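Step one of this worksheet: look at the structure below.
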Amino acid sequence: VLIVLPASAVLAKLGLLLIERIGARGPLDSLNLRYVLLTGSSFLPLVWFLSAGVHQAETGQSALSCLLKHEQGGLCFEPASFAMLVAAIAGLAGLRSLRRSGRVSVASSPAALDLADRIEKLVDATGSLRGVRGRVVVTEESGFTIGTRGVLSPTVFISVAFAAKLTDSMLCSALGHEQEHVRTLDPLRYLLLHFALLVNPCGRYFLASHAARWKAARETYCDREAVIHGASPLPLADGIVRAA
């Protein structure tokens, strides 16, 4: 664990540096490839550790890994304990990642109902927002503007106070941006990325800056896709500034 995880993180960092350097001069700057390197640097070693531990525990053939004596072909407890420890670490990291995503309360005040009705009308009038139909929830959470939450069923949450400052074109552009997050299951991808960095402290040290740049690139990509599918660029930019 102390050798493979750091080595995997270093290799991933070298690959990311190469992609970013070449990508600045050509078309090799792939968001998906960078994401695979960021998450795979932790997921692949974990899967390998679990698989190796389970198989050695079942067969008992790898006697070098066993401190306790056992019959040939018998159950080897050390690899089984190792596999359970890896699974426990992964489980705790997963629970912490889920807790980090947080929850947003749903509002049912008259202002929230009016906003929900306004959004429904805009979605019906705009064919490019079909992806968020039935997936927009209004909230009055303090300090919240707009964002997509939900790992398996992404939902767009928008606050009453923030939406009150937006024109219809700004609101449509902001929903178009969030629609891309819904379409590509970005909450799940962000969760897996956070888990990968959390479970590997060395990976977090080497790869945190690359993960931050990947997230920024994802946001820019969602802006681009929203404009391509009909969002107005200037209202979208204005909405981003107001959200910030």
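Just so you know, these numbers use all the heavy atoms, side chains as well, and skip hydrogens, waters and symmetry mates. Computed from a prediction, not measured in an experiment: that's the story for all the values here.
- With salt bridges taken as basic N to acidic carboxylate O contacts below 4.0 Å, one links Arg189 and Asp186.
- Minimum interatomic distance between Ser173 and Ala226 (heavy atoms only, all atoms of both residues): O-CB, 4.5 Å.
- The closest side-chain heavy-atom distance from Tyr190 to Arg218 is below 4.5 Å.
- Taking Phe49 as the reference, Phe82 meet the ring-ring contact (aromatic ring centres under 6.0 Å, His included) condition, with sequence neighbours excluded.
- Here the shortest heavy-atom pairing between Pro233 and Val227 reads CG-CG1, 3.9 Å.
- Across all non-hydrogen atoms, the minimal contact from Arg130 to Gly127 is NH1-O, 2.8 Å.
- For Tyr205, there are no side-chain contact (heavy atoms from CB on, under 4.5 Å) partners at least two apart in sequence or on another chain.
- By the 4.5 Å heavy-atom criterion applied to side chains, Phe206 and Leu16 are not counted as neighbours.
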**OP:** Go through Glu141 and Val104 one step at a time and tell me if the side-chain contact (heavy atoms from CB on, under 4.5 Å) criterion holds.
**Re:** CA-CA 7 Å; Glu141 194 85 16; Val104 181; 4.2 Å; yes
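- Between Leu193 and Trp214 there is a side-chain heavy-atom pair separated by less than 4.5 Å.
- With sequence neighbours excluded, the residues forming a salt bridge (charged side-chain N to carboxylate O under 4.0 Å, His left out) with Arg213 are Glu20, listed by chain and number.
- Remark: side-chain polar atoms of Asn200 are not paired, donor with acceptor, to backbone N or O of Ser42 under 3.5 angstrom.
- Between Ser41 and Leu207, the closest side-chain pair of non-hydrogen atoms falls below 4.5 Å.
- The backbone N or O of Ala107 lies less than 3.5 Å from no partner atom in the side chain of Thr139, so there is not a single donor-acceptor pair.
- Between Glu225 and the options His177, Glu180, Gln179, a side chain to side chain contact (heavy atoms under 4.5 Å, CB included) holds for only Glu180.
- Side-chain N or O atoms of Arg118 include one that pairs as donor or acceptor with a backbone N or O of Ala163 at under 3.5 Å.
- Side chain to side chain, Arg242 and Thr145 fail the donor-acceptor criterion of an N or O pair below 3.5 Å.
- Closest heavy-atom contact between Val4 and Pro45: CG1-CB, 4.0 Å.
- Here Asp114 pairs with nothing under the side-chain contact (heavy atoms from CB on, under 4.5 Å) rule; sequence neighbours left out.
- Residues His210 and Lys13 have side chains in contact (heavy-atom distance under 4.5 Å, counting atoms from C-beta outward).
- For Lys165, the side-chain hydrogen bond (donor to acceptor under 3.5 Å, both in side chains) test picks out no residue, with sequence neighbours left out.
- Between the side chains of Thr167 and Ser169, at least one donor N or O sits under 3.5 Å from an acceptor N or O.
- Of the residues listed (Glu178, Arg135, His181), the one engaging Thr148 in a side-chain hydrogen bond (donor to acceptor under 3.5 Å, both in side chains) is Glu178, and it is the only one.
- Nearest heavy-atom pair across Ile3 and Pro6 is O-CD, 3.5 Å.
- Side-chain heavy-atom separations under 4.5 angstrom define the hydrophobic clusters, and the remaining members of the one that includes Leu122 are Leu115, Ile119, Val123, Leu129, Val132, Val136, Val138, Ile146, Val156, Ile158, Val160, Phe162, Leu166, Met170, Leu171, Leu175, Val182.
- With hydrogens and angles left out, the side-chain atoms of Ser109 and Glu140 include a donor and acceptor closer than 3.5 Å.
- With a 4.5 Å cut-off on side-chain heavy atoms, Phe43 and Val199 do not count as touching.
- When atom types are taken as modelled, the side chain of Arg34 and the backbone of Leu31 share no donor-acceptor pair closer than 3.5 angstrom.
- Contact annotation: the side chain of Leu85 approaches that of Ile89 to within less than 4.5 Å [non-hydrogen atoms, C-beta and beyond].
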